Structures are given as structure tokens and as C-alpha cells.
Amino acid sequence: MSGDHLHNDSQIEADFRLNDSHKHKDKHKDREHRHKEHKKDKDKDREKSKHSNSEHKDSEKKHKEKEKTKHKDGSSEKHKDKHKDRDKEKRKEEKIRASGDAKIKKEKENGFSSPPRIKDEPEDDGYFASPKEDIKPLKRPRDEDDADYKPKKIKTEDIKKEKKRKPEEEEDGKLKKPKNKDKDKKVPEPDNKKKKPKKEEEQKWKWWEEERYPEGIKWKFLEHKGPVFAPPYEPLPESVKFYYDGKVMKLSPKAEEVATFFAKMLDHEYTTKEIFRKNFFKDWRKEMTNEEKNTITSLSKCDFTHMNQYFKAQSEARKQMSKEEKLKIKEENEKLLKEYGFCIMDNHRERIANFKIEPPGLFLGRGNHPKTGMLKRRIMPEDIIINCSKDAKVPSPPPGHKWKEVRHDNKVTWLVSWTQNIQGSIKYIMLNPSSRIKGEKDWQKYETARRLKKCVDKIRNQYREDWKSKEMKVRQRAVALYFIDKLALRAGNEKEEGETADTVGCCSLRVEHINLHPELDGQEHVVEFDFPGKDSIRYYNKVPVERRVFKNLQLFMENKQPEDDLFDRLNTGILNKHLQDLMEGLTAKVFRTYNASITLQQQLKELTAPDENIPAKILSYNRANRAVAILCNHQRAPPKTFEKSMMNLQSKIDAKKDQLADARRNLKSAKADAKVMKDAKTKKVVESKKKAVQRLEEQLMKLEVQATEREENKQIALGTSKLNYLDPRITVAWCKKWGVPIEKIYNKTQREKFAWAMDMANEDFEF
DNA sequence: CTCGAGACTTGGAATAATATTT
DNA sequence: AAATATTATTCCAAGTCTCGAG
């Protein structure tokens with residue numbers, strides 16, 4: 001396959017990514033409910049009228065009905081259910097709508113439509129070595145000889161002295177120089193800094209300049225205070241009543257506690273859902289006394305409204321608290337944080353992400369989850385596994401209790417774990433993203449993505465070849481990989497049926513999730529995707545694909561039922577194994593990271609106008625960010641107050657415009673005066689009027705930018721990509737290059753998380 | 001292989017804190 | 001100073017991927 005070909009292709013991709021997919025979301029509003037019908041009734045036109053937002057609910061119901069009937073004829077019981085489920089996803093899908101075409105056009109004008117070129121960089125100048133990844137054993141552990149150091153000391157000074165990783169050393173992992181770099185002993189200093197490492201120093205710790213541990217070892221010393229448990233249940237005051245079948249009923253403490261979970265959410269949509277109610281009621285009954293069980297037999301006869309009002313009043317009261325009271329609470333929280341919110345890991349005091357144990361409550365599964373509404377029981381010390389180093393002080397369990405287990409496993413990063421009762425999954429307490437242990441991993445993730453950049457062309461050629469393979473498995477693998485690469489789809493592990501909502505990713509796509517259009521809207525070989533992805537967020541997209549892909553899809557779909565797997569010979573294990581062979585450390589999700597980051601870099605290059613001012617630059621950045629969010633399908637529900645706040649902003653803009661007009665008039669008359677008078681004083685007046693006009697212009701422009709931005713962001717969530725997919729060094733480099741203060745892009749938390757990137761990237765960093 | 005347990009990343013919503021307006 | 005709007009932080013569900021046993 002020629003390079004040419006490749007290039008063309010990537011143009012197509014780009015178009016699609018940056019415009020089309022977005023467009024879809026909008027169009028999709030008109031169509032979203034239709035797709036299921038397609039199958040029934042394929043050419044049932046597409047000119048169906050638009051649903052306005054408010055109509056949505058209704059149409060949703062209708063569709064649910066249709067769905068049911070549709071499945072009566074044909075699919076199995078099991079699937080009928082599934083489909084129903086999927087239909088309910090529409091709640092989520094409603095998110096995807098509106099926000100008109102204006103947005104798109106704008107983006108186009110701004111160059112969104114131009115293709116992200118897949119450049120074949122000779123080499124990325126890698127400023128820094130990738131963290132471990134490519135070279136496990138070569139790197140020397142932090143110090144073999146300090147294995148026995150006394151843990152408690154907190155190193156400060158000497159840490160800083162450690163030599164930087166040198167650039168040369170970086171690029172090529174394999175050749176990396178052997179161990180022995182640290183002459184400076186890492187042996188802890190005497191006790192000096194023991195208990196309280198100086199804040200500033202601690203914050204400045206540059207772990208990225210230190211050696212990493214060998215593969216597998218996560219730390220040598222770990223000490224912490226254990227978790228903070230949820231406060232015990234406080235029974236309701238006597239005055240708060242629960243009614244059953246119209247009559248007051250006093251609940252036993254246990255039953256009452258569970259009842260309050262439900263009562264608190266009365267306004268929430270959850271409590272109207274069938275499964276939620278069913279699951280809740282079943283679990284609630286388990287907590288009841290026998291008498292209660294006998295009496296309370298129907299949830300619909302339960303009246304929680306009084307309880308609900310009580311809680312509302314409580315939260316109202318909390319808001320109304322005096323300053324002192326609020327301050328007191330704040331101080332208490334800080335104290336708790338100080339005591340439990342940090343651990344000591346290898347000489348450094350590090351922030352813990354979630355030191356509080358999840359309180360009991362109702363399980364709020366997303367999409368339509370078969371277990372939603374079930375009771376998440378209270379976690380007790382006896383459920384808790386503590387992990388710390390052997391030589392650390394083991395945290396003490398609350399009086400009268402003991403831990404389930406204390407272990408000393410330095411192959412893992414967690415401090416505390418317990419098993420959650422809903423799906424039996426394990427929950428963990430781990431460190432904050434600003435910690436070394438998370439940061440290193442994050443850095444490594446981006447380095448893997450950068451390595452992919454170097455061989456992505458090869459891989460693309462490879463999968464193109466594989467489309468022609470004689471082996472079905474290979475073809476499926478190649479087509480799936482094409483989707484993952486081109487559309488940034490998730491891998492799509494298989495899930496246990498009945499345990500979770502029915503959602504899919506690439507490998508788990510079913511025939512019913514795509515529609516093939518030999519020709520659509522003037523384009524050839526269009527694949528229409530429509531499926532519930534992670535968190536039951538709808539993925540809807542129409543993509544022109546290469547002919548061979550199209551033919552392959554037709555082949556894969558032959559003789560299959562809608563509910564059959566599209567890639568029946570493939571799963572994520574097979575795919576990832578193959579990827580591993582193509583490049584060490586390569587897995588499906590690396591493509592998402594890679595495509596996200598490379599898109600940001602390209603978009604920034606295209607959208608940033610050198611002579612624009614800072615707000616305009618920031619707008620460009622956000623647009624680039626948004627392109628990525630669209631690619632990754634990161635959507636959000638439009639904020640509840642969206643319309644209102646938009647109007648407010650508009651009126652501000654109008655007001656500003658008036659002001660500006662006034663100022664301009666003033667300026668004009670001042671100028672006129674100056675012409676006549678010609679004295680210094682009037683000239684001065686002119687100057688000051690000019691300034692005023694300028695200032696107002698700037699303010700106006702700022703507001704307008706804000707408005708544009710908000711509109712464009714209506715249902716797009718930027719956070720996830722910013723936090724998890726975009727190599728922060730790209731952003732840092734961009735900020736440095738254009739003199740945009742990093743604070744404009746990253747807030748405090750983000751700056752902490754990306755401290756490594758801020759320190760190491762300069763303006764010519766290339767992803 | 002396949003399967004399940006385990007560990008860790010990714011995800012949007014809820015909630016709290018802060019800024020801005022009235 | 002209260003009310004409201006906006007932003008930051010917390011929360012915890014839901015993914016990905018690895019590993020070890022059969």
C-alpha cells in the first residue's frame with residue numbers, strides 16, 4: 001500500500017472525525033429514535049420531523065412501545081429484554097441533541113475540517129525518556145542498597161540533587177545506560193525532617209528526575225492511617241414520620257436507615273424506574289423486622305414525603321449556617337484530611353485520593369442496570385484489607401474492631417481495599433493523581449502513545465493488508481482495529497450478562513449496532529453506528545469507509561441475527577495479543593490516547609493565530625480540546641440552567657454593545673472638539689476616550705468569546721479528555737510558545753497532576 | 001485457550017466552594 | 001448580605017487489561 005493511499009485515507013478520516021461525527025450528533029437528534037425502526041422498516045424515510053427537546057420524553061415512551069412490539073415477532077425472550085433496555089438508554093441519548101448547526105459551521109471555519117495529518121516524523125526528539133516501559137530491567141531500582149533503610153525519614157534535600165535523566169538517555173530505551181547512576185546516596189537523612197516534611201519542599205519533589213523502580217515493585221515503604229469510615233446512622237427525630245398505606249408507622253432503626261436512602265432521592269428520576277424500585281424494595285425488606293415485613297408489602301403504599309421534606313430542610317439549614325459554624329466544619333474537614341488524607345510512601349508524604357470509605361446507600365447503576373437500586377451495605381473494619389510495608393506502623397482499627405487482613409504487598413499501589421457487595425468487585429483506596437506513583441504511570445502512558453506514533457503507519461498498512469486475509473479471524477481483527485484507530489472506539493470487553501447494563505465497545509459490537517449504506521448523502525460505503533457505549537452513552541455516527549472494509553462488514557453480517565456479534569471470531573484478548581506483537585506495550589486503548597493527543601497537537605497548530613490576543617488563543621485551545629472530546633464521544637447532559645445562563649450572557653453582551661456605542665459617540669465628539677480647539681487638553685480627552693473605547697471593545701470581545709464557547713460546549717464534556725487523553729506536554733508547550741499562562745488552561749488540581757509535564761516540556765515539545 | 005479475580009484508568013454527575021450579581 | 005451563577009472537587013460506577021489456574 002502506497003504512502004499516498006495512506007495519506008488520502010487519513011484525510012477522509014479527519015474529515016469524518018472532526019466534522020461529520022459532530023454533525024451527527026446534531027442530526028442525530030432527529031434520527032435517534034428512528035434507527036431501531038430501520039430494521040423493521042428500512043426506508044421509512046428520514047424526513048421525519050424533529051423532536052423538540054420537550055417532546056422527547058413522549059417519543060421515548062412511544063418508542064419503547066414500538067420496540068416491544070417489534071421484538072415480539074422475531075427475537076428471543078432474552079433479547080427482547082435487552083432491546084427494551086437499550087431503548088431506555090434513550091434517556092441518555094437525549095443528551096445528544098440540538099445545539100444546532102451554527103456550531104459546526106463555526107468550527108469548520110476555524111479549520112476543523114482540515115485533516116489531521118499523520119506525519120511521519122523522523123523521530124520525535126523525545127525530550128525525556130519514557131518511563132520504565134520499554135526497559136524494565138535495565139533501569140536500576142531506586143537503590144538496591146537502600147532496601148533496608150529506615151523508613152520513617154523523609155528525604156528532602158538530597159532528593160533534589162539527583163541527576164536529571166538526560167535527554168540522550170531517553171529516546172532509546174533499549175540502549176539506556178545501565179543502572180548505576182546514583183552516586184548520591186538515597187539513604188535517608190537523619191531524623192531531621194521526620195514527621196513533617198516541609199510543605200514547599202515536598203511539593204517541589206521532582207520524582208520524574210529520579211530513577212524508577214524495576215518493573216513490578218511499586219514502593220518500598222508505605223505507611224498510612226487507614227480509612228475513614230462513614231459516620232454511623234443517626235435515627236430520625238420522632239417528629240419525622242413515615243406513612244404506610246396512609247398510616248403513620250415507626251420503623252426499626254435498620255429499616256429506617258434504608259428508607260432514608262430512598263427518601264433522599266425522591267426527586268430523582270431513579271425512584272420512578274421499575275427495576276430500581278424492585279431492587280430497592282427487595283433489599284429493603286431484608287433489613288426489616290418480621291412485623292415490618294408483614295405489614296410493608298408494597299412500595300407504592302409507602303409514603304416517604306415527610307422524610308424527604310425533612311432532609312431538604314436539613315440541607316437548607318446547612319446552607320443557612322452562620323459563618324462560624326461553617327468555618328468549624330471546614331476546620332474539622334481539614335483536620336481529617338491532614339490526619340487521614342496523606343500517607344508516607346518512600347520518604348515522601350503523598351496525598352491520598354479517596355481516604356473515606358463509601359457510605360452505605362443505594363447502588364446507582366447507570367444506563368439501565370439490572371442491579372440499580374440495590375442496597376450497598378455499610379463497610380465495616382472487618383471488611384477491610386490494609387496494605388502497608390512490613391516496617392510501617394499498621395493503622396489501628398476503630399476500637400472494638402479488627403481488620404479483615406493486613407498485608408504487605410509492594411507489587412500493588414493501593415493502601416486499603418474491600419469488596420463491594422453489589423457485584424463483588426473490589427474497591428480501593430489509592431493515591432492522588434499528583435503522586436509519584438500515578439504520575440509516573442501517566443507519563444508512561446503518553447510515552448507508549450508516542451511510540452505508537454512512530455509505527456502507526458506500518459500498523460495501518462498491516463491492517464489494510466489483513467482485510468484481504470483468507471482467515472476470517474484476521475479480517476475481523478483488521479476491521480475492528482481500523483475502527484478503533486479511525487473512530488477511537490474502546491476495545492469492548494465482553495461483559496457478564498445480567499450483571500451490568502447492556503453496553504458495547506468495538507469488539508463486542510453486534511450486528512444490530514451498525515447499518516450499511518452502499519450510498520448515503522452522496523457518499524459511498526457509509527457505515528452507520530448506533531450503540532450504547534460506556535456509561536450507556538450513545539455513540540452515533542455515519543462514516544464513509546473504504547470499500548474493502550464495507551465488503552468485509554457485509555461478509556461478517558451474512559446470515560446473522562441482529563443480536564449476534566459482528567466480530568464473532570474476535571475478542572479483546574485476541575486483538576490485544578496481536579497488538580502486543582506489533583509493538584511492545586500496545587493495546588487497544590493506546591490508539592485512543594494516541595489519536596486524542598495527536599489531534600490536539602494538530603488542531604492547535606491549525607487553529608492558533610499568532611497575532612490574536614490571549615482570550616482568542618484560549619478559545620482556540622478549547623476548540624482543539626473540543627475536537628478531541630468529539631472524537632472520543634465525551635458527552636454531557638446540557639446543564640440544567642443552560643438556557644437561562646445563555647440569555648443572561650446575551651443581555652450582558654447587549655449592554656456592553658450599548659456602552660460601546662456610547663463610548664464611540666463620545667470619542668467622536670471629543671475628536672471634533674479637538675479639531676476645533678487644538679489644545680493639549682482636548683487632545684488628552686481624545687486619548688482617554690480612545691482608551692475607553694478600546695477597553696470596551698476588549699470586554700465585549702471577551703464576552704462574545706465566552707458565549708461562543710458556552711454554546712459550543714453545551715453537550716460536550718472536555719474534562720475527561722483533558723485529564724486522561726491529552727499529553728499535558730502538548731498543552732504546556734503550547735502555552736509556553738504563545739505566552740498563555742498555564743493557569744488559564746489548567747486549574748490547581750490539574751497543575752498538580754501535570755507538574756511533571758510543566759516542568760519538563762518546553763515550547764518545542766512535539767508529541 | 002478461557003475464565004475469573006484483581007488492579008488500575010476513565011467517566012459524567014453530584015456536591016461543595018467560590019465568584020458575581022442583586 | 002443574600003441570592004445566584006460558575007467552577008472546582010468529590011464521588012463512585014464502569015471501563016481496560018493482566019495474570020494465574022485449569
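The sequence lines fix the lettering, A, B, ..., with proteins before strands; numbering per chain opens at 1. The structure presented is a predicted model; accordingly, all values stated were derived computationally and were not measured.
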Solution key, residues 325-333 of chain A side-chain donor-acceptor pairs under 3.5 Å, sequence neighbours excluded:
unit_1	atom_1	unit_2	atom_2	d
A/Glu325	OE1	A/Ser322	N	2.9
A/Glu325	OE1	A/Ser322	OG	3.1
A/Lys326	NZ	A/Lys319	O	3.2

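The main-chain N or O of A/Gly365 is found under 3.5 Å from a side-chain atom of A/Tyr270 such that the two form a donor-acceptor pair. A/Asp727 contributes no side-chain N or O that, together with a main-chain N or O of A/Tyr446, makes up a donor-acceptor pair within less than 3.5 Å.
Between A/Asn576 and C/dC17 there is a side-chain N or O to OP1 or OP2 distance below 4.0 Å. Dashed line: the shortest gap from a side-chain N or O of A/Lys438 to OP1 or OP2 of B/dT9 is under 4.0 Å. Residue A/Lys640 places no side-chain N or O under 4.0 Å from the OP1 or OP2 atom of C/dA5. Between A/Lys319 and C/dA2 there is no side-chain polar atom (N or O) within less than 4.0 angstrom of OP1 or OP2. Side-chain nitrogen and oxygen atoms of A/His369 include none within less than 4.0 Å of the OP1 or OP2 phosphate oxygen of C/dA13. Taking 4.0 angstrom as the limit, A/Lys644 places a side-chain polar atom (N or O) nearer than this to OP1 or OP2 of C/dA5. Taking 4.0 angstrom as the limit, A/Gln635 places none of its side-chain polar atoms (N or O) nearer than this to OP1 or OP2 of B/dG11. Note on A/Ser645: a side-chain N or O is less than 4.0 Å away from OP1 or OP2 of C/dT6. An OP1 or OP2 oxygen of B/dC1 is reached within less than 4.0 angstrom by a side-chain nitrogen or oxygen of A/Lys577. Distances shown here put a side-chain N or O of A/Lys376 below 4.0 Å from the OP1 or OP2 atom of C/dA13. Using a 4.0 Å cut-off, some side-chain N or O of A/Thr587 falls inside it from OP1 or OP2 of C/dC17. At least one side-chain nitrogen or oxygen of A/Thr720 sits closer than 4.0 Å to the OP1 or OP2 atom of B/dG12. One finds no side-chain N or O of A/Ser536 lying less than 4.0 angstrom from the OP1 or OP2 phosphate oxygen of C/dA14. Look at A/His268 and you won't find any side-chain N or O under 4.0 angstrom from OP1 or OP2 of B/dA13.
If you find the closest nucleotide of DNA chain C to A/Gln750 and to A/Gly585, the one lying nearer the 5' end belongs to A/Gln750. Mapping A/Lys473 and A/Arg592 onto DNA chain B by nearest heavy atom places A/Lys473 at the nucleotide closer to the 5' end. Sequence order on DNA chain C of the closest nucleotides to A/Asn432 and A/Arg710 puts A/Arg710 first from the 5' end. Comparing A/Ile574 and A/Lys753 against DNA chain B, the residue whose closest nucleotide sits nearer the 5' end is A/Ile574.
Under 3.5 Å, the side chains of A/Tyr621 and A/Thr731 contain a donor-acceptor pair of N or O atoms. One side chain, A/Asp654 or A/Gln650, offers a donor N or O that lies under 3.5 Å from an acceptor on the other. Of the N and O atoms on the side chains of A/Tyr213 and A/Asn410, not one donor lies less than 3.5 Å from an acceptor on the other residue.
You'll find that the side chain of A/Val412 is closest to B/dC8, out of C/dG15, C/dA14, B/dC8. Looking at the side chain of A/Ile426, the nearest of the listed nucleotides B/dT10, B/dA7, C/dA14 is B/dA7. Side-chain proximity of A/Lys330 to the nucleotides B/dT18, C/dA8, B/dT2 is greatest for B/dT18. Here the side chain of A/Met430 is nearest to one of C/dA14, B/dC8, C/dA8, namely B/dC8. Here the side chain of A/Lys441 is nearest to one of C/dC12, B/dT9, C/dT6, namely B/dT9.
Across all strands, A/Arg569 comes closer than 4.0 Å to no nucleic acid atom at all (heavy-atom distances). When heavy atoms are screened at a 4.0 angstrom cut-off, A/Pro433 is found touching no nucleic acid atom at all. A/Thr500 comes within 4.0 angstrom of nothing in the nucleic acid, heavy atoms only. At a threshold of 4.0 angstrom between heavy atoms, the contacts of A/Lys652 are confined to the sugar-phosphate backbone, with no base atom among them. Across all strands shown, A/Ala588 has heavy atoms under 4.0 Å from sugar-phosphate atoms exclusively, and none from any base. Here A/Tyr428 lies in heavy-atom contact (under 4.0 Å) with a base. As judged by a 4.0 angstrom heavy-atom cut-off over every strand, A/Lys326 is placed among residues making no nucleic acid contact. Within 4.0 Å (heavy atoms only), A/Gly492 reaches sugar-phosphate atoms of the nucleic acid but no base atom. Within the 4.0 angstrom heavy-atom criterion, base atoms lie near A/Asn493. As judged by a 4.0 angstrom heavy-atom cut-off over every strand, A/Leu723 is placed among residues making no nucleic acid contact. In this structure, A/Asn648 reaches the sugar-phosphate backbone alone: every heavy-atom distance under 4.0 Å involves primed, P, OP1 or OP2 atoms, never a base.
One can place CD of A/Glu358 at 16 Å from P of B/dA14, the figure rounded to the nearest angstrom. Atom CD1 in A/Ile422 sits about 19 Å away from atom P in C/dC11, given to the nearest Å. Nucleotide B/dT15 holds its P atom 14 Å from the CD atom of A/Glu316, rounded to whole Å. Rounded to whole angstrom, the span from the CD atom of A/Glu496 across to the C1' atom of C/dA14 amounts to 14 Å. Spacing between atom CG of A/Asn633 and atom C1' of B/dT10 amounts to 14 Å, rounded to whole angstrom units. Whole-Å rounding puts the A/Phe754 CZ to C/dA8 P distance at 14 Å. For the pair A/Ile429 CD1 and B/dC8 P, the computed distance is 14 Å after rounding to whole Å. Distance CG (A/Leu362) to P (B/dA14): 15 Å, rounded to an integer number of Å.
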- Do A/Glu358 and A/Lys427 pass the salt bridge (charged side-chain N to carboxylate O under 4.0 Å, His left out) test, and can you show the C-alpha distance, the side-chain angles, and the key distance before you say yes or no? CA-CA 9 Å; A/Glu358 295 171 20; A/Lys427 300 279 202 161; 3.2 Å; yes

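Summarising the geometry, atom OG belonging to A/Ser645 is positioned 12.5 Å from atom NZ belonging to A/Lys640; distances are rounded to the nearest 0.5 Å.
Side chain A/Arg366 to base C/dA14: no donor-acceptor pair is found below 3.5 Å. Side chain A/Lys589 to base B/dT9: no donor-acceptor pair is found below 3.5 Å.
A/Ile386 places a side-chain heavy atom less than 4.5 Å from the side chain of A/Ile384.
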